[in-house]
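First the structure, in the form of structure tokens, and then the observations on it.
Both backbone and side-chain heavy atoms feed into the values below; hydrogens, waters and symmetry mates do not. Labels below follow one simple rule: chain letters A, B, ... track the order of the sequence lines, proteins then strands, and each chain is numbered from 1.
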Amino acid sequence: MTRILITSALPYINGVKHLGNLVGSLLPSDAYARFMRMRGAEVMHICATDEHGTPAELAAAAAGEPVEAYCARLHEVQKSLGEGFRLEFDHFGRSSSDRNHRLTQHFAKALFEQGLIYEVTEQQMWSESDGRFLPDRYLEGTCPNCGYERARGDQCENCTKQLDPTDLINPRSSVSGATDVEARETKHLYLKQSALQEQIRAWIETKSDWPVLATSIAKKWLNDGDGLRDRGITRDLDWGIPVKKGDEDWPGMEGKVFYVWFDAPIEYIAATAEWADAHGKSEADWRRWWREDEGARDVHYVQFMAKDNVPFHTLSFPATIMGSGEPWKKVDFLKGFNWLTYQGGKFSTSQGRGVFMDQALEILPSDYWRWWLLSNAPESADSDFTWEGFQSGVNKDLADVLGNFASRVTKFCRSKFGETVPEGGEPGEAEAALAVEIDTRLKGYAAAMEAVEMRKAASELRGLWVAGNEYLQHAAPWSVFKTDEAQAAMITRTGLNLAALYATVSRPFIPDASDALAGAMGIAPNGAWPESAAVALSQLPAGHAFSVPENLFRKIEDAEREGWEAQFEGAAT
RNA sequence: GGCGAGGUAGCUCAGCUGGUUAGAGCGCACGACUCAUAAUCGUGAGGUCGAGAGUUCAAGUCUCUCUCUCGCCA
């Protein structure tokens, strides 16, 4: 059996994610996983919260909570919102898990033994009042180049000059405003990514089927300036994974933690181990997904992420696992997404601009969002969320085309034949033509999903729904019924079977509606992918009982759309 | 500034290795139907494919220049 490992980029812990984050990895990853399961593949679908780093500490402080408690709470919030959007992960883990601690420390040791880790002594800014070292971007001061007073420690936004924190005149902490900051000497571990550059380049060059977005970003970094640079993998923070060499202490590194970029992707692996722990599985059960020497050689690994994450997945994480010298599974297909913009601008957490996952679920069920976001996913370029586009897409596609189809066919049958599939009549030319159309669409839909092209897949799925309306319109059982009841029964039976087919194949996009429709049609909610139109259209035999579903989708009214437009515009523009 | 991605019907976008009258959805106009969530189905109008030059028998599709938009720069 085909085995597919799917990971979605890890949402960062510091707050509820917005629609852009949702469509940039979580949602397409879920649709793809559902599709592959339906096709009979063995799927491992993994995600987790990314919990370490300064932003988490600051968010916890702002919330007045210890960082561990804050992360635990936000993890539950994100987990339940994911469930609200029907994201079906085999495991939704935490990068702060014990498993990730051990694996991260394991990788550090392996890399050290391969000679790929070295120590660097450097100056870093210490804030006495904050009682901590400050990352470069949390320092503010006057730019020595242009005199701009709010330059950051890593760069001046005014003159764009790259800076070192020690360059700043009158430096202060942008966390607390404290001015008692000073440069102190500190030691950090660096990963010798430069030594892995050619190995990574050779690997990337074999990936001719990746979206250009992914390969062009990777190649840019490989070719930029001096090529791939070494990177620090440790930080002077409290919250994180303690720097250790496997389970041994690392002399000179006491009190330090691994840098979040280093431990976060390792959590993909660790979360799979967490899955094993949570389900009473063995070590071998998770390792067969990740270790090529323990069964992962025939695994197809697909990653989903937004474009800002591409460098970490094409360069940093591969450097970690290649450099370990151990046969860990590397990504086979990487799907990167552009940004979703909101009404022509950016989503803004600080200004409350745009729709966030919790708010979205408060105003409409998840299917509405899933459908619009996936059918408009920012695949080839950024795409824009507008309330008008959302309203029109939902009303037209879901309510009018699919929802109304289910209504018209079931209600017609109920009024003429009752709530069982009617018998009689023989399929003819129209049904043959319908079957050809359905077969073509099913093939197109499956091909698009296999290629991870969400918009195209959505359009093929919509085409399947439209084919049902076309068929009914032309076959017109309401007219035929007046002269030939058996023929009308056959047409109606075909229509009911179409509804059952839609219940099955729509699931990757709109799982709740699929459940509702499957329930009404009296079929199992987890039906397998149809082998052919002929099989699908004879699934419901004469005499099979069904019921008329509640309206699958309601329409979005102009007034409520306008209300939401105002509600989510945010404080300022 | 460097790099990347884009500029195709009113709107949102498809158009693979260059090849018949440039496509889809929405919107719009007209028509059909009346089973259905005033839903559906059909027909049609609408584009100098950002601008200019070049290569070619042939360019939205390749090359160069210019221009506008968006993003990234650890």
Taking atom [atom1] in both [N] and [M], what distance in whole Å separates the two?
N: B:C41; M: B:G47; atom1: P; result: 26 Å
N: B:U21; M: B:G31; atom1: P; result: 33 Å
N: B:A32; M: B:A22; atom1: C1'; result: 29 Å
N: B:G6; M: B:G15; atom1: P; result: 10 Å
N: B:A36; M: B:U20; atom1: C1'; result: 42 Å
N: B:G10; M: B:G19; atom1: C1'; result: 31 Å
N: B:A24; M: B:U65; atom1: P; result: 36 Å
N: B:A5; M: B:G52; atom1: C1'; result: 23 Å

Set of side-chain hydrogen bond (donor to acceptor under 3.5 Å, both in side chains) partners for A:Glu198, sequence neighbours left out: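 Result, side-chain hydrogen bond (donor to acceptor under 3.5 Å, both in side chains) vs A:Glu198: A:Arg201.
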
With B for base contact, S for sugar-phosphate-only contact and - for none (protein heavy atoms under 4.0 Å), nucleotides 30-35 of chain B reads --BSSB

To the nearest Å, give me how far apart [atom1] ([X]) and [atom2] ([N]) are.
X: A:His474; N: B:C41; atom1: NE2; atom2: P; answer: 9 Å
X: A:Glu453; N: B:G15; atom1: CD; atom2: C1'; answer: 12 Å
X: A:Glu550; N: B:A36; atom1: CD; atom2: C1'; answer: 15 Å
X: A:Asn376; N: B:A24; atom1: CG; atom2: P; answer: 18 Å
X: A:His188; N: B:A74; atom1: NE2; atom2: P; answer: 18 Å
X: A:Phe417; N: B:A36; atom1: CZ; atom2: P; answer: 14 Å
X: A:Lys456; N: B:G15; atom1: NZ; atom2: C1'; answer: 10 Å
X: A:Phe312; N: B:C72; atom1: CZ; atom2: P; answer: 14 Å

Is [X] salt-bridged to [Y], going by a charged N under 4.0 Å from an acidic O?
X: A:Asp512; Y: A:Arg370; value: no
X: A:Arg455; Y: A:Glu379; value: no
X: A:Glu565; Y: A:Arg561; value: yes
X: A:Asp230; Y: A:Lys192; value: no
X: A:Glu560; Y: A:Arg554; value: yes
X: A:Arg132; Y: A:Glu57; value: yes

Applying the Watson-Crick and G-U criteria (both distances under 3.5 angstrom) with [ ] for crossing and | for other-strand pairs, one obtains for RNA chain B (((((((..((((.....[...)))).(((((.......))))).....(((((..]....)))))))))))).

Heavy atoms under 4.0 Å, any strand shown: does [X] hit a base, just sugar-phosphate, or nothing?
X: A:Phe481; answer: nothing
X: A:Arg554; answer: nothing
X: A:Asn551; answer: base

side-chain N/O A:Lys555 vs B:A39 OP1/OP2, d < 4.0 Å: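 So the side-chain polar atoms of A:Lys555 do come within 4.0 Å of the phosphate oxygens OP1 or OP2 of B:A39, strictly under.
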
Below 4.0 Å: OP1/OP2 of B:C26 and any side-chain N or O of A:Arg462: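 Affirmative; the distance criterion is met.
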
Do [X] and [Y] have a side chain donor and acceptor closer than 3.5 Å?
X: A:Gln391; Y: A:Asp558; value: yes
X: A:Thr186; Y: A:Lys256; value: yes
X: A:Arg229; Y: A:Gln197; value: no
X: A:Tyr268; Y: A:Gln303; value: no
X: A:Asn395; Y: A:Lys555; value: no

Report, one pair per line, the protein and nucleotides 68-70 of chain B atoms (nitrogen or oxygen only) whose separation is under 3.5 Å.
{"unit_1": "B:C70", "atom_1": "O2'", "unit_2": "A:Asp382", "atom_2": "OD2", "d": "3.3"}

Worksheet entry | Summary of salt bridge (charged side-chain N to carboxylate O under 4.0 Å, His left out) pairs that have at least one residue in residues 482-494 of chain A, sequence neighbours excluded |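 Pairs touching residues 482-494 of chain A that pass the test: none.
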
key: Closest-nucleotide 5' rank along RNA chain B - winner of A:Val466 and A:Leu402   =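 Its nearest nucleotide lies further toward 5', so the answer is A:Leu402.
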
*Evaluate the ring planes of A:Phe312 and A:Trp261, with Trp represented by its six-membered ring, and classify them as parallel (under 30°), tilted (30 to 60°) or perpendicular (over 60°).*
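A:Phe312 and A:Trp261: tilted rings.
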
### Message
Below 30° counts as parallel, above 60° as perpendicular, anything between as tilted: where do the rings of A:Trp369 and A:Phe390 land?
### Response
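If you compare the ring of A:Trp369 with that of A:Phe390, the planes turn out parallel.
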
Item checked: Interface residues of residues 384-400 of chain A with RNA chain B (non-hydrogen, below 4.0 angstrom) ->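 Residues of residues 384-400 of chain A under 4.0 Å from RNA chain B: A:Ser392, A:Lys396, A:Ala399, A:Asp400.
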
- prompt: Is there a donor and acceptor pair closer than 3.5 Å between the side chain of A:Asn404 and the base of B:A36?
  reply: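 Per atom types, the contact qualifies.
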
So A:Arg441 and A:Glu437, salt bridge (charged side-chain N to carboxylate O under 4.0 Å, His left out) or not? Walk me through it.
CA-CA 6 Å; A:Arg441 290 288 184 182; A:Glu437 168 73 6; 3.2 Å; yes

